[in-house]
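Presented below is the structure to which this report refers.
Heavy atoms only: backbone and side chains are in, while hydrogens, waters and symmetry mates are out. In what follows, chains carry the letters A, B, and so on, assigned in the order in which the sequence lines appear, proteins first and then strands, with residues in each chain numbered from 1. Since we're looking at a predicted model, the values are computed, not measured.
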2 protein chains.
Amino acid sequence: MDSLNPHALLPQRSAIAEAANVQALGAESWQALMRGPALGDAELKALNRIAWLRSLPAGAMVFSRDQQASKLVAVLCGAVGLGQLRHDQPFHLERTVRGPAWLDLASAWIGGCHVQDARVLTPAQLLELDVDAVREMLARQPAMAERLLACMALNVHSLTGVTHDLMHKDAEKRLAAWLLQLSRRSAEGPDVVALGERKRDIAAQLAITPETLSRMMRQLKLKGLIEVQGYSVRLLDLAALATLAAD
Amino acid sequence: MDSLNPHALLPQRSAIAEAANVQALGAESWQALMRGPALGDAELKALNRIAWLRSLPAGAMVFSRDQQASKLVAVLCGAVGLGQLRHDQPFHLERTVRGPAWLDLASAWIGGCHVQDARVLTPAQLLELDVDAVREMLARQPAMAERLLACMALNVHSLTGVTHDLMHKDAEKRLAAWLLQLSRRSAEGPDVVALGERKRDIAAQLAITPETLSRMMRQLKLKGLIEVQGYSVRLLDLAALATLAAD
DNA sequence: CGAACCCTTGATACGCTTCAACAAGAGTGG
DNA sequence: CCACTCTTGTTGAAGCGTATCAAGGGTTCG
C-alpha cells in the first residue's frame with residue numbers, strides 16, 4: 001500500500017510539517033553533501049534556514065523530467081533512481097543515487113527542467129534548497145559557492161566517465177569496472193561487495209539486459225575473477241579485474 | 001609542419017607574450033562564455049585581470065588527462081577535441097568543443113586531473129583562468145559564481161543527454177538526433193547543416209565506426225529524410241527526423 | 001605521377017538483444 | 001496446509017545491429 005503514494009507529489013504539506021526537523025539536521029549530513037573543509041557555524045545556520053526536508057516512500061516520484069526545476073535536490077538517506085518513466089510501465093533506470101549525495105544540483109541554475117525523472121527506490125529522506133534562497137545565501141556566504149562548484153564538478157567527472165565507458169567498453173568491461181568502483185566504497189572490505197539493488201537495475205545502469213548481466217557474471221566466475229553468492233560478490237583478483245576493465 | 005607543434009605544451013612563454021592581448025578581449029566573448037545578464041564593467045575588468053590567452057596550432061595538445069588541473073579552460077575561437085590520446089596513434093575523439101565555449105570548467109575545482117585529453121583540431125585561441133585567482137575574484141564578485149554554476153549546469157545537462165542517447169538509442173537514432181541538434185545552431189537556416197568536421201570524427205562522437213556512419217547516411221537518404229552533397233546536408237523532413245530520433 | 005589521405009561499399013564475424021522456457025522464493029487466499 | 005500468482009534470476013536458441021576486414025574510387029599534395 002505504501003509502495004506508491006500519490007500524495008508524494010504534493011510537497012507543501014509534508015515539507016511544512018517537517019520544517020522543524022531541519023534544525024535537527026546534523027552537521028555531518030551537510031558536510032557530506034558540501035565536501036571541502038569543515039563547515040562553520042554561520043554556514044550551517046545559513047543552510048538550515050533555507051533547507052526543506054521531505055520523506056518519501058518507495059515508489060514515489062521525486063520530480064519528473066518536464067517539471068520546471070526551482071530547487072537543488074539532495075538525498076540524505078535511502079536510494080533514489082534517475083531515469084525515465086514511460087507510459088509503458090516499468091521505470092527505466094539510468095543511475096541510482098544513494099544518500100547522502102546530490103540528486104540534481106544542476107537544473108535549477110539554468111531555469112530549465114530536470115532532464116530526468118527521479119523515483120524513490122528505498123524509503124528516502126530528501127533535502128531541497130530553493131535556488132533563489134541559495135542565491136541570496138551565496139551573496140552573504142561567498143565561500144559556499146566554491147563548495148557547490150566542486151560538487152557539480154564531481155558530477156561532471158562522473159558523467160564524463162560514464163559516457164567514456166559507454167563509448168569504448170563492452171559489457172564485460174563495464175561490469176568489471178562497476179564492481180571495482182563498488183569495491184572502493186564497500187564497507188565489508190575491498191574484496192567483498194554487496195549488490196544493493198536488483199540485478200535488473202544494475203543491468204539497466206550498465207546499459208545491458210538482465211540476461212546479459214547474468215551471462216557476464218558467469219563469465220567472470222568461470223574465469224576465476226569473482227565468486228557469487230546471491231547478492232554478495234567476492235572479488236578474487238582485483239588486479240585482473242582492473243586489467244580487464246581498462247580500455 | 002605546423003600540424004603538430006611540440007612547443008604547444010609549454011604555455012608560459014606564449015602566455016606571457018600574449019598577456020597584452022587580454023585587454024583587447026571583447027565583451028562579447030566574455031558574455032558568450034558567462035551567459036546570463038550583461039556583464040558590468042567591474043566584472044569585465046576583474047575577468048580580464050586574471051585571464052591568460054594561448055594561441056595554438058592544429059594538432060597541439062591543450063592538456064592531457066593525467067595533468068593536474070589548475071585552470072578553467074575555454075575555447076574562444078577554433079575547435080578543440082576532447083577524447084583520449086593513445087600510444088597507439090590516432091586520437092580517439094569523444095566530443096568537440098567549438099569556441100566560444102568552456103572546454104573544462106570542472107576539473108580545477110576539485111584539484112584533480114582533467115579526465116580527458118584535449119587536442120586542437122582547428123587553429124584555436126584558448127583562454128585560461130587560474131582557479132585560485134578565480135576564487136579570489138569570487139570573493140569580490142559573488143554574482144560571478146552564479147554564472148559559473150549555470151555554465152557547469154549546462155555542461156551537466158549536455159552530458160546527461162549524451163549518456164541517455166548512448167544507453168537507449170541505436171546508431172540511426174543518434175545520427176538523426178545529432179543532425180537535428182546541429183540544425184538548431186545552423187547559420188544557414190534550420191534545414192541545411194554544414195558538417196564542420198571529418199566524417200570519421202562525427203562517427204567517433206556518435207560512438208560508431210565511419211563505415212556505419214556512411215551506411216546510416218545512405219539509409220536516411222533512401223528514406224527521403226535528408227539530401228547529402230559532400231559536407232552539406234539538407235534536412236528534408238524535420239518532423240520525421242524528430243520522430244525517428246525520439247526514443 | 002605516386003603517395004597519402006578520405007569516404008564509400010560489400011562480405012563476414014561477433015556482441016548483445018530478444019524471445020521463450022524454467023526454477024526459486026514471497027505473498028495471498030482458499 | 002497447499003495451490004496460486006507474481007516477481008526475480010537463470011539458461012538456451014535465434015536474430016538484429018554494428019564492428020571488422022578488405023577493396024576501390026576520389027582528392028590533394030609533393
Determine, stepwise, if the pair B:V80 / B:L121 fulfils side-chain contact (heavy atoms from CB on, under 4.5 Å).
CA-CA 5 Å; B:V80 176; B:L121 303 177; 5.8 Å; no

CA sep, side-chain torsions, deciding dist, call: B:I226, B:L179, side-chain contact (heavy atoms from CB on, under 4.5 Å)
CA-CA 10 Å; B:I226 64 174; B:L179 287 171; 4.2 Å; yes

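Side-chain proximity of A:E211 to the nucleotides C:dA20, D:dT18, C:dC7 is greatest for C:dA20. Candidate nucleotides C:dC6, C:dT18, D:dG9 were compared by shortest atom distance to the side chain of A:T209, and C:dT18 ranks first.
At the phosphate of C:dC6, neither OP1 nor OP2 sits under 4.0 Å from any side-chain N or O atom of B:Y231.
Atom pair B:R198:CZ and C:dT8:P shows a separation of 13 Å (rounding to whole Å applied). At whole-Å resolution of the value, CG in B:D170 and C1' in D:dT18 are 10 Å apart. In this structure, A:R200 atom CZ and D:dT10 atom P are separated by 11 Å, rounded to whole Å. Rounded to an integer number of Å, the gap from B:L195 CG to C:dC6 C1' is 14 Å. Rounded to whole Å, the distance from NZ on A:K199 to P on C:dG25 is 13 Å. Straight-line distance from the NZ atom of A:K169 to the P atom of C:dC16: 14 Å, rounded to whole Å.
Nucleic acid contact for A:A203: none, since no nucleic acid atom lies under 4.0 Å from a heavy atom of the residue.
Looking only at atom types and distance, the side chain of B:E94 has a donor-acceptor partner in the side chain of A:H168 under 3.5 Å away. A donor and an acceptor atom, one from each side chain of A:S183 and A:S186, are nowhere located under 3.5 Å apart. The closest side-chain donor-acceptor pair between B:S107 and A:H157 falls under 3.5 angstrom.
Taken residue by residue, residues 212-227 of chain A places heavy atoms nearer than 4.0 Å to DNA chain D at A:S214, A:R215, A:R218. Scanning residues 160-168 of chain B for heavy-atom distances under 4.0 Å to DNA chain D yields an empty list.
With hydrogens and angles ignored, the 3.5 Å screen pairs no side-chain donor or acceptor of B:D247 with any backbone N or O of B:K169. Side-chain N or O atoms of A:Q219 include none that pairs as donor or acceptor with a backbone N or O of A:E172 at under 3.5 Å. Not a single donor-acceptor pair under 3.5 Å links the side chain of B:R200 to the backbone N or O of B:P210. Formation of a donor-acceptor pair under 3.5 Å by the A:S232 side chain with backbone atoms of A:Q229 is not found in this model.
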What does the B/S/- profile of nucleotides 25-30 of chain D look like, 5' to 3', with a 4.0 Å heavy-atom cutoff to protein?
------

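Counting non-hydrogen atoms of other residues, nucleotides and ligands closer than 6.0 Å to CZ of B:R65 gives a total above 12.
Remark: A:K71 fails to qualify as a cation-pi partner of A:F63 under the 6.0 Å distance and 45° angle criteria applied to the six-membered ring.
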